[in-house]
Number of protein chains: 2
Amino acid sequence: MVKVKIDERAEQRILAAAKKIFLSKGLDGARMQDIADEAGINKALLHYYFRSKDKLFETIFMEVAKHFLPRVSEIFESGKPLFDKIELFCETYIQQMKETPYLPLFILGEATRRPETFVKKVFGNRKPPVHLFVAQVQQEIKSGNIKPVHPLQLLIDILSMCVFPFMARPMLEHVAGINKKQFDAFIEERKKLVPEMIIASLKNN
Amino acid sequence: MVKVKIDERAEQRILAAAKKIFLSKGLDGARMQDIADEAGINKALLHYYFRSKDKLFETIFMEVAKHFLPRVSEIFESGKPLFDKIELFCETYIQQMKETPYLPLFILGEATRRPETFVKKVFGNRKPPVHLFVAQVQQEIKSGNIKPVHPLQLLIDILSMCVFPFMARPMLEHVAGINKKQFDAFIEERKKLVPEMIIASLKNN
DNA sequence: ACCTTTGTTAACCATTTGGTTAAATTTTAT
DNA sequence: ATAAAATTTAACCAAATGGTTAACAAAGGT
(Lines give C-alpha, C1' and ligand atoms only; values in the text may rest on other atoms or scores of the structure.)
Protein backbone atom coordinates (compact mmCIF):
# COMPACT_ATOMS: atom_id res chain seq x y z
CA MET A 1 0.00 0.00 0.00
CA VAL A 2 1.40 3.34 -1.01
CA LYS A 3 1.88 5.74 1.85
CA VAL A 4 0.06 8.94 0.99
CA LYS A 5 1.69 12.06 2.28
CA ILE A 6 -1.37 13.42 4.03
CA ASP A 7 -0.03 16.92 4.47
CA GLU A 8 2.64 18.64 2.46
CA ARG A 9 5.61 20.16 4.15
CA ALA A 10 4.55 23.30 6.01
CA GLU A 11 6.90 25.46 4.01
CA GLN A 12 5.22 24.43 0.78
CA ARG A 13 1.78 25.05 2.19
CA ILE A 14 2.88 28.51 3.28
CA LEU A 15 4.19 29.31 -0.17
CA ALA A 16 0.98 28.19 -1.79
CA ALA A 17 -1.12 30.13 0.69
CA ALA A 18 0.98 33.27 0.39
CA LYS A 19 0.76 33.09 -3.37
CA LYS A 20 -3.02 32.88 -3.26
CA ILE A 21 -3.44 35.68 -0.74
CA PHE A 22 -0.86 38.06 -2.17
CA LEU A 23 -2.10 37.58 -5.72
CA SER A 24 -5.66 38.39 -4.81
CA LYS A 25 -5.10 41.11 -2.20
CA GLY A 26 -1.74 42.60 -3.04
CA LEU A 27 1.08 43.33 -0.62
CA ASP A 28 -0.79 45.99 1.36
CA GLY A 29 -4.09 44.19 1.45
CA ALA A 30 -2.72 40.82 2.53
CA ARG A 31 -2.60 39.93 6.23
CA MET A 32 -0.08 37.53 7.69
CA GLN A 33 -2.95 35.95 9.59
CA ASP A 34 -4.83 35.38 6.33
CA ILE A 35 -1.85 33.50 4.98
CA ALA A 36 -1.43 31.47 8.15
CA ASP A 37 -5.11 30.54 8.14
CA GLU A 38 -5.01 29.62 4.48
CA ALA A 39 -1.98 27.42 5.14
CA GLY A 40 -3.52 25.98 8.27
CA ILE A 41 -0.57 26.82 10.50
CA ASN A 42 0.36 29.21 13.28
CA LYS A 43 1.29 32.73 12.33
CA ALA A 44 4.67 32.46 14.03
CA LEU A 45 5.64 29.74 11.61
CA LEU A 46 5.53 32.24 8.78
CA HIS A 47 8.31 34.14 10.50
CA TYR A 48 10.19 30.94 11.23
CA TYR A 49 10.47 30.07 7.55
CA PHE A 50 10.48 33.56 6.08
CA ARG A 51 11.83 36.33 8.24
CA SER A 52 9.25 38.99 7.50
CA LYS A 53 6.21 39.85 5.42
CA ASP A 54 8.42 41.69 2.95
CA LYS A 55 10.73 38.72 2.59
CA LEU A 56 7.82 36.37 2.05
CA PHE A 57 6.30 38.72 -0.45
CA GLU A 58 9.51 39.03 -2.38
CA THR A 59 9.82 35.27 -2.55
CA ILE A 60 6.34 35.00 -4.02
CA PHE A 61 6.77 37.96 -6.31
CA MET A 62 9.94 36.59 -7.80
CA GLU A 63 8.56 33.11 -8.24
CA VAL A 64 5.43 34.41 -9.88
CA ALA A 65 7.03 37.13 -11.97
CA LYS A 66 8.67 34.49 -14.16
CA HIS A 67 5.27 33.67 -15.58
CA PHE A 68 4.61 37.22 -16.67
CA LEU A 69 6.95 36.86 -19.60
CA PRO A 70 6.18 33.24 -20.42
CA ARG A 71 8.82 31.67 -22.63
CA VAL A 72 9.33 34.98 -24.39
CA SER A 73 13.07 34.49 -24.68
CA GLU A 74 12.59 31.00 -26.04
CA ILE A 75 10.19 32.29 -28.67
CA PHE A 76 12.33 35.26 -29.66
CA GLU A 77 15.43 33.10 -29.92
CA SER A 78 13.81 30.37 -31.99
CA GLY A 79 14.70 30.46 -35.67
CA LYS A 80 11.04 30.62 -36.69
CA PRO A 81 9.63 33.00 -39.34
CA LEU A 82 8.16 36.23 -37.98
CA PHE A 83 4.53 35.31 -38.47
CA ASP A 84 5.04 31.98 -36.71
CA LYS A 85 6.65 33.78 -33.81
CA ILE A 86 3.74 36.16 -33.53
CA GLU A 87 1.25 33.31 -33.51
CA LEU A 88 3.23 31.40 -30.92
CA PHE A 89 3.68 34.50 -28.80
CA CYS A 90 -0.07 35.19 -28.66
CA GLU A 91 -0.98 31.57 -28.07
CA THR A 92 1.57 31.19 -25.29
CA TYR A 93 0.73 34.48 -23.65
CA ILE A 94 -3.02 34.15 -23.65
CA GLN A 95 -2.77 30.59 -22.40
CA GLN A 96 -0.51 31.67 -19.53
CA MET A 97 -2.87 34.51 -18.59
CA LYS A 98 -5.77 32.07 -18.67
CA GLU A 99 -3.97 29.95 -16.12
CA THR A 100 -2.94 32.86 -13.89
CA PRO A 101 -5.46 35.62 -14.56
CA TYR A 102 -4.55 37.64 -11.46
CA LEU A 103 -0.94 37.81 -12.56
CA PRO A 104 -0.81 40.91 -14.76
CA LEU A 105 -2.66 43.22 -12.40
CA PHE A 106 -0.60 41.92 -9.51
CA ILE A 107 2.78 42.27 -11.19
CA LEU A 108 2.12 45.61 -12.85
CA GLY A 109 0.44 46.99 -9.74
CA GLU A 110 3.32 46.17 -7.45
CA ALA A 111 5.91 47.07 -10.06
CA THR A 112 4.30 50.48 -10.45
CA ARG A 113 4.08 51.14 -6.73
CA ARG A 114 7.62 50.00 -5.99
CA PRO A 115 9.49 50.23 -9.28
CA GLU A 116 12.94 50.54 -7.77
CA THR A 117 12.31 47.51 -5.58
CA PHE A 118 10.81 45.14 -8.09
CA VAL A 119 11.22 46.02 -11.73
CA LYS A 120 14.97 45.65 -11.73
CA LYS A 121 14.94 42.54 -9.54
CA VAL A 122 12.51 40.76 -11.81
CA PHE A 123 14.77 40.88 -14.79
CA GLY A 124 18.07 40.89 -12.96
CA ASN A 125 20.71 40.61 -15.63
CA ARG A 126 18.57 38.66 -18.09
CA LYS A 127 16.15 40.92 -19.94
CA PRO A 128 14.10 39.28 -22.66
CA PRO A 129 15.89 39.67 -26.00
CA VAL A 130 13.58 42.27 -27.46
CA HIS A 131 16.32 43.28 -29.87
CA LEU A 132 16.03 39.94 -31.64
CA PHE A 133 12.38 40.59 -32.38
CA VAL A 134 13.13 44.17 -33.40
CA ALA A 135 15.91 43.05 -35.73
CA GLN A 136 13.75 40.42 -37.34
CA VAL A 137 10.96 42.90 -37.99
CA GLN A 138 13.41 45.37 -39.50
CA GLN A 139 14.81 42.62 -41.69
CA GLU A 140 11.38 41.72 -43.00
CA ILE A 141 10.67 45.36 -43.71
CA LYS A 142 13.95 45.77 -45.59
CA SER A 143 13.18 42.67 -47.61
CA GLY A 144 9.86 44.16 -48.52
CA ASN A 145 7.93 41.28 -46.99
CA ILE A 146 5.89 43.42 -44.61
CA LYS A 147 4.78 47.00 -44.39
CA PRO A 148 7.11 49.42 -42.58
CA VAL A 149 6.15 49.51 -38.92
CA HIS A 150 7.80 50.59 -35.70
CA PRO A 151 8.94 47.25 -34.20
CA LEU A 152 8.56 48.26 -30.57
CA GLN A 153 5.09 49.66 -31.22
CA LEU A 154 4.20 46.38 -32.88
CA LEU A 155 5.43 44.39 -29.91
CA ILE A 156 3.42 46.51 -27.49
CA ASP A 157 0.35 46.18 -29.70
CA ILE A 158 0.59 42.42 -29.47
CA LEU A 159 1.31 42.39 -25.75
CA SER A 160 -1.54 44.80 -25.05
CA MET A 161 -4.11 42.75 -26.87
CA CYS A 162 -3.01 39.54 -25.16
CA VAL A 163 -2.82 40.84 -21.60
CA PHE A 164 -5.23 43.73 -21.17
CA PRO A 165 -8.51 41.81 -21.46
CA PHE A 166 -7.60 39.86 -18.33
CA MET A 167 -6.94 43.03 -16.39
CA ALA A 168 -10.22 44.59 -17.47
CA ARG A 169 -12.20 41.41 -16.95
CA PRO A 170 -14.69 42.53 -14.26
CA MET A 171 -15.53 45.74 -16.10
CA LEU A 172 -15.72 43.91 -19.37
CA GLU A 173 -18.10 41.31 -18.08
CA HIS A 174 -20.33 44.01 -16.70
CA VAL A 175 -20.29 46.40 -19.64
CA ALA A 176 -20.62 43.73 -22.29
CA GLY A 177 -23.10 41.82 -20.15
CA ILE A 178 -21.32 38.49 -20.41
CA ASN A 179 -20.71 35.76 -17.86
CA LYS A 180 -17.56 33.85 -17.01
CA LYS A 181 -18.17 31.11 -19.54
CA GLN A 182 -18.71 33.64 -22.28
CA PHE A 183 -15.60 35.48 -21.21
CA ASP A 184 -13.60 32.29 -21.50
CA ALA A 185 -14.94 31.73 -24.99
CA PHE A 186 -14.17 35.33 -25.86
CA ILE A 187 -10.59 34.85 -24.71
CA GLU A 188 -10.19 31.52 -26.46
CA GLU A 189 -11.26 33.16 -29.69
CA ARG A 190 -8.56 35.77 -29.26
CA LYS A 191 -5.83 33.17 -29.56
CA LYS A 192 -6.66 33.07 -33.25
CA LEU A 193 -8.01 36.57 -33.83
CA VAL A 194 -5.16 38.59 -32.37
CA PRO A 195 -2.36 37.07 -34.45
CA GLU A 196 -4.62 37.09 -37.52
CA MET A 197 -5.31 40.75 -37.04
CA ILE A 198 -1.68 41.64 -36.44
CA ILE A 199 -0.44 39.63 -39.38
CA ALA A 200 -3.12 41.04 -41.67
CA SER A 201 -1.99 44.53 -40.74
CA LEU A 202 1.58 43.65 -41.67
CA LYS A 203 0.93 42.12 -45.07
CA ASN A 204 1.68 44.26 -48.07
CA ASN A 205 -1.42 43.92 -50.13
CA MET B 1 -6.97 94.94 -5.81
CA VAL B 2 -8.36 91.46 -6.15
CA LYS B 3 -8.49 89.50 -2.97
CA VAL B 4 -6.61 86.27 -3.52
CA LYS B 5 -8.03 83.29 -1.72
CA ILE B 6 -4.82 82.25 -0.03
CA ASP B 7 -5.98 78.80 0.95
CA GLU B 8 -8.71 76.79 -0.66
CA ARG B 9 -11.50 75.45 1.41
CA ALA B 10 -10.24 72.55 3.50
CA GLU B 11 -12.72 70.17 1.97
CA GLN B 12 -11.28 70.78 -1.47
CA ARG B 13 -7.74 70.32 -0.26
CA ILE B 14 -8.73 67.04 1.33
CA LEU B 15 -10.26 65.81 -1.88
CA ALA B 16 -7.19 66.73 -3.88
CA ALA B 17 -4.92 65.10 -1.32
CA ALA B 18 -7.01 61.96 -1.08
CA LYS B 19 -7.05 61.68 -4.84
CA LYS B 20 -3.30 61.89 -5.03
CA ILE B 21 -2.65 59.43 -2.22
CA PHE B 22 -5.32 56.90 -3.16
CA LEU B 23 -4.33 56.92 -6.83
CA SER B 24 -0.71 56.23 -6.08
CA LYS B 25 -1.06 53.85 -3.14
CA GLY B 26 -4.45 52.26 -3.53
CA LEU B 27 -7.09 51.84 -0.84
CA ASP B 28 -5.08 49.45 1.31
CA GLY B 29 -1.77 51.24 0.93
CA ALA B 30 -3.09 54.72 1.69
CA ARG B 31 -2.93 56.06 5.26
CA MET B 32 -5.36 58.62 6.59
CA GLN B 33 -2.38 60.43 8.08
CA ASP B 34 -0.75 60.59 4.64
CA ILE B 35 -3.84 62.29 3.28
CA ALA B 36 -4.06 64.69 6.21
CA ASP B 37 -0.40 65.61 5.83
CA GLU B 38 -0.77 66.08 2.09
CA ALA B 39 -3.77 68.35 2.69
CA GLY B 40 -2.00 70.14 5.52
CA ILE B 41 -4.77 69.57 8.05
CA ASN B 42 -5.50 67.56 11.15
CA LYS B 43 -6.47 63.94 10.72
CA ALA B 44 -9.73 64.44 12.61
CA LEU B 45 -10.87 66.84 9.95
CA LEU B 46 -10.95 64.02 7.45
CA HIS B 47 -13.58 62.35 9.57
CA TYR B 48 -15.41 65.60 10.04
CA TYR B 49 -15.98 66.01 6.31
CA PHE B 50 -16.07 62.36 5.28
CA ARG B 51 -17.21 59.88 7.85
CA SER B 52 -14.67 57.15 7.25
CA LYS B 53 -11.80 56.04 5.09
CA ASP B 54 -14.16 53.92 3.03
CA LYS B 55 -16.52 56.81 2.47
CA LEU B 56 -13.68 59.09 1.44
CA PHE B 57 -12.33 56.44 -0.86
CA GLU B 58 -15.66 55.90 -2.50
CA THR B 59 -16.01 59.61 -3.12
CA ILE B 60 -12.65 59.70 -4.85
CA PHE B 61 -13.23 56.49 -6.73
CA MET B 62 -16.51 57.68 -8.15
CA GLU B 63 -15.18 61.07 -9.11
CA VAL B 64 -12.17 59.58 -10.80
CA ALA B 65 -13.88 56.62 -12.44
CA LYS B 66 -15.69 58.97 -14.80
CA HIS B 67 -12.40 59.63 -16.55
CA PHE B 68 -11.81 55.98 -17.24
CA LEU B 69 -14.31 55.98 -20.05
CA PRO B 70 -13.63 59.47 -21.36
CA ARG B 71 -16.40 60.77 -23.55
CA VAL B 72 -17.04 57.27 -24.84
CA SER B 73 -20.78 57.73 -24.94
CA GLU B 74 -20.40 61.03 -26.74
CA ILE B 75 -18.19 59.42 -29.37
CA PHE B 76 -20.38 56.37 -29.83
CA GLU B 77 -23.49 58.49 -30.13
CA SER B 78 -22.05 60.94 -32.62
CA GLY B 79 -23.17 60.41 -36.20
CA LYS B 80 -19.60 60.11 -37.44
CA PRO B 81 -18.38 57.42 -39.85
CA LEU B 82 -16.80 54.37 -38.23
CA PHE B 83 -13.20 55.21 -39.09
CA ASP B 84 -13.61 58.73 -37.70
CA LYS B 85 -15.02 57.31 -34.51
CA ILE B 86 -12.07 54.96 -34.15
CA GLU B 87 -9.61 57.78 -34.65
CA LEU B 88 -11.41 60.00 -32.19
CA PHE B 89 -11.70 57.19 -29.67
CA CYS B 90 -7.96 56.51 -29.71
CA GLU B 91 -7.00 60.16 -29.62
CA THR B 92 -9.36 60.90 -26.75
CA TYR B 93 -8.41 57.83 -24.77
CA ILE B 94 -4.67 58.14 -25.08
CA GLN B 95 -4.85 61.83 -24.24
CA GLN B 96 -6.88 61.10 -21.11
CA MET B 97 -4.46 58.39 -19.99
CA LYS B 98 -1.57 60.79 -20.56
CA GLU B 99 -3.21 63.21 -18.17
CA THR B 100 -4.07 60.59 -15.55
CA PRO B 101 -1.60 57.77 -16.05
CA TYR B 102 -2.29 56.14 -12.68
CA LEU B 103 -5.96 55.86 -13.49
CA PRO B 104 -6.22 52.52 -15.29
CA LEU B 105 -4.20 50.51 -12.78
CA PHE B 106 -6.07 52.15 -9.94
CA ILE B 107 -9.55 51.59 -11.33
CA LEU B 108 -8.99 48.09 -12.61
CA GLY B 109 -7.09 47.09 -9.49
CA GLU B 110 -9.82 48.20 -7.11
CA ALA B 111 -12.56 46.99 -9.42
CA THR B 112 -10.97 43.56 -9.47
CA ARG B 113 -10.47 43.35 -5.73
CA ARG B 114 -13.96 44.58 -4.89
CA PRO B 115 -16.07 43.96 -7.98
CA GLU B 116 -19.40 43.85 -6.21
CA THR B 117 -18.65 47.14 -4.47
CA PHE B 118 -17.34 49.18 -7.35
CA VAL B 119 -17.98 47.86 -10.83
CA LYS B 120 -21.72 48.24 -10.60
CA LYS B 121 -21.57 51.57 -8.83
CA VAL B 122 -19.31 53.07 -11.44
CA PHE B 123 -21.77 52.62 -14.22
CA GLY B 124 -24.96 52.81 -12.18
CA ASN B 125 -27.75 52.77 -14.70
CA ARG B 126 -25.81 54.41 -17.50
CA LYS B 127 -23.50 51.94 -19.24
CA PRO B 128 -21.65 53.23 -22.29
CA PRO B 129 -23.68 52.44 -25.41
CA VAL B 130 -21.44 49.67 -26.70
CA HIS B 131 -24.34 48.38 -28.77
CA LEU B 132 -24.19 51.50 -30.95
CA PHE B 133 -20.61 50.74 -31.86
CA VAL B 134 -21.41 47.07 -32.38
CA ALA B 135 -24.34 47.91 -34.62
CA GLN B 136 -22.31 50.32 -36.69
CA VAL B 137 -19.57 47.76 -37.23
CA GLN B 138 -22.10 45.13 -38.24
CA GLN B 139 -23.68 47.59 -40.65
CA GLU B 140 -20.34 48.33 -42.30
CA ILE B 141 -19.67 44.61 -42.62
CA LYS B 142 -23.05 44.00 -44.19
CA SER B 143 -22.44 46.84 -46.62
CA GLY B 144 -19.18 45.22 -47.58
CA ASN B 145 -17.17 48.26 -46.55
CA ILE B 146 -14.98 46.42 -44.09
CA LYS B 147 -13.83 42.88 -43.49
CA PRO B 148 -16.01 40.71 -41.27
CA VAL B 149 -14.79 41.06 -37.68
CA HIS B 150 -16.23 40.40 -34.26
CA PRO B 151 -17.28 43.90 -33.10
CA LEU B 152 -16.63 43.34 -29.40
CA GLN B 153 -13.22 41.85 -30.12
CA LEU B 154 -12.46 44.90 -32.20
CA LEU B 155 -13.47 47.24 -29.42
CA ILE B 156 -11.30 45.42 -26.92
CA ASP B 157 -8.39 45.47 -29.35
CA ILE B 158 -8.62 49.23 -29.55
CA LEU B 159 -9.10 49.71 -25.84
CA SER B 160 -6.20 47.39 -25.04
CA MET B 161 -3.77 49.21 -27.29
CA CYS B 162 -4.76 52.60 -25.89
CA VAL B 163 -4.68 51.74 -22.20
CA PHE B 164 -2.24 48.91 -21.60
CA PRO B 165 1.00 50.78 -22.34
CA PHE B 166 0.30 53.10 -19.41
CA MET B 167 -0.21 50.19 -17.07
CA ALA B 168 2.98 48.50 -18.16
CA ARG B 169 5.00 51.70 -18.19
CA PRO B 170 7.66 50.91 -15.54
CA MET B 171 8.38 47.50 -17.03
CA LEU B 172 8.34 48.91 -20.52
CA GLU B 173 10.78 51.64 -19.73
CA HIS B 174 13.12 49.12 -18.18
CA VAL B 175 12.90 46.40 -20.80
CA ALA B 176 13.04 48.72 -23.77
CA GLY B 177 15.65 50.87 -22.05
CA ILE B 178 13.84 54.16 -22.60
CA ASN B 179 13.39 57.18 -20.34
CA LYS B 180 10.30 59.19 -19.52
CA LYS B 181 10.71 61.59 -22.41
CA GLN B 182 11.07 58.73 -24.84
CA PHE B 183 8.04 57.06 -23.35
CA ASP B 184 6.01 60.21 -23.89
CA ALA B 185 7.12 60.33 -27.51
CA PHE B 186 6.31 56.65 -27.86
CA ILE B 187 2.82 57.27 -26.55
CA GLU B 188 2.28 60.36 -28.65
CA GLU B 189 3.12 58.34 -31.73
CA ARG B 190 0.49 55.80 -30.82
CA LYS B 191 -2.27 58.38 -31.23
CA LYS B 192 -1.69 58.02 -34.95
CA LEU B 193 -0.38 54.47 -35.18
CA VAL B 194 -3.11 52.65 -33.29
CA PRO B 195 -6.05 53.91 -35.37
CA GLU B 196 -4.01 53.51 -38.54
CA MET B 197 -3.27 49.94 -37.67
CA ILE B 198 -6.84 49.14 -36.72
CA ILE B 199 -8.30 50.78 -39.80
CA ALA B 200 -5.77 49.09 -42.07
CA SER B 201 -6.82 45.75 -40.66
CA LEU B 202 -10.45 46.53 -41.44
CA LYS B 203 -10.05 47.63 -45.03
CA ASN B 204 -11.02 45.14 -47.66
CA ASN B 205 -8.06 45.24 -50.00
C1' DA C 1 -21.91 92.51 22.46
C1' DC C 2 -23.59 87.68 22.53
C1' DC C 3 -25.04 83.52 21.12
C1' DT C 4 -25.15 79.79 17.73
C1' DT C 5 -23.22 77.28 14.10
C1' DT C 6 -19.30 75.72 11.67
C1' DG C 7 -14.57 74.53 11.35
C1' DT C 8 -10.20 72.82 13.50
C1' DT C 9 -7.13 70.76 16.66
C1' DA C 10 -4.59 67.95 20.39
C1' DA C 11 -5.04 64.20 23.00
C1' DC C 12 -7.03 59.73 23.35
C1' DC C 13 -8.83 55.09 22.47
C1' DA C 14 -9.61 50.38 20.72
C1' DT C 15 -8.25 47.34 17.37
C1' DT C 16 -5.32 45.49 14.12
C1' DT C 17 -1.01 44.02 12.68
C1' DG C 18 3.73 42.50 12.00
C1' DG C 19 6.79 40.48 14.79
C1' DT C 20 8.99 38.03 19.17
C1' DT C 21 9.63 34.68 22.90
C1' DA C 22 9.74 30.77 25.44
C1' DA C 23 7.95 26.54 25.96
C1' DA C 24 6.33 22.22 23.86
C1' DT C 25 6.41 18.73 20.36
C1' DT C 26 8.41 16.11 16.67
C1' DT C 27 12.27 14.46 14.07
C1' DT C 28 16.93 12.97 13.54
C1' DA C 29 21.30 11.34 14.70
C1' DT C 30 24.08 8.55 17.85
C1' DA D 1 16.96 5.11 24.47
C1' DT D 2 18.53 9.69 24.52
C1' DA D 3 20.45 13.95 23.41
C1' DA D 4 20.43 17.40 19.90
C1' DA D 5 18.28 19.71 16.30
C1' DA D 6 14.35 21.18 13.88
C1' DT D 7 9.49 22.31 13.90
C1' DT D 8 5.23 24.24 15.86
C1' DT D 9 2.39 26.72 18.99
C1' DA D 10 0.20 29.93 22.58
C1' DA D 11 0.88 33.99 24.64
C1' DC D 12 2.85 38.44 24.23
C1' DC D 13 4.46 42.98 22.65
C1' DA D 14 5.13 47.43 20.47
C1' DA D 15 3.89 50.16 16.78
C1' DA D 16 0.63 51.66 13.55
C1' DT D 17 -3.95 52.81 12.30
C1' DG D 18 -8.81 54.23 11.83
C1' DG D 19 -11.67 56.61 14.53
C1' DT D 20 -13.60 59.53 18.69
C1' DT D 21 -13.89 63.26 22.09
C1' DA D 22 -13.77 67.44 24.15
C1' DA D 23 -12.13 71.75 24.00
C1' DC D 24 -11.10 75.75 21.29
C1' DA D 25 -11.37 79.18 17.44
C1' DA D 26 -13.79 81.56 13.58
C1' DA D 27 -17.77 83.12 11.28
C1' DG D 28 -22.47 84.61 11.05
C1' DG D 29 -26.67 86.18 12.63
C1' DT D 30 -29.44 88.98 16.12
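Chain identifiers are assigned alphabetically (A, B, ...) following the order of the sequence lines, protein sequences preceding nucleic acid strands; residue numbering begins at 1 within each chain.
Rounded to whole Å, atom C1' of C:dT6 lies 12 Å from atom CD of B:Glu11. B:Leu46 places its CG atom 10 Å from the P atom of D:dG19, with the value rounded to the nearest Å. Atoms CZ (B:Arg9) and C1' (C:dT6) sit 10 Å apart, rounded to a whole Å. Rounded to whole angstrom, the span from the CG atom of B:Asp37 across to the C1' atom of C:dT8 amounts to 15 Å.
Looking at B:Lys191 and B:Glu188, a side-chain N of the basic residue comes within less than 4.0 Å of a carboxylate O on the acidic one, giving a salt bridge.
For the residue pair A:Gln96 and A:Thr100, a side-chain donor N or O sits within less than 3.5 Å of a side-chain acceptor on the partner. Side-chain atoms of A:Glu140 and A:Gln136 include no donor-acceptor pair closer than 3.5 Å. Inspection of the A:Gln33 and A:Asp37 side chains reveals an N or O donor paired with an N or O acceptor under 3.5 Å.
Counting heavy atoms from C-beta on, the side chains of A:Leu82 and A:Phe133 come closer than 4.5 Å.
Nearest heavy-atom pair across A:Ser52 and A:His47 is CA-CD2, 4.2 Å.
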Does the protein touch nucleotides 9-25 of chain C at the base, only the backbone, or not at all? Give it as B, S and - per nucleotide, heavy atoms under 4.0 Å.
BB------SBBBB----

Show your reasoning for whether side chain to side chain contact (heavy atoms under 4.5 Å, CB included) applies to A:Ile187 and A:Phe166.
CA-CA 9 Å; A:Ile187 286 295; A:Phe166 293 93; 3.5 Å; yes

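An angle of 0°, rounded to 10°, separates the two end axes of the helix from C:dA1-D:dT30 to C:dT30-D:dA1, each defined over five pairs.
Ring centroids of B:Phe57 and B:Phe22 are separated by less than 6.0 Å, placing the two rings close together.
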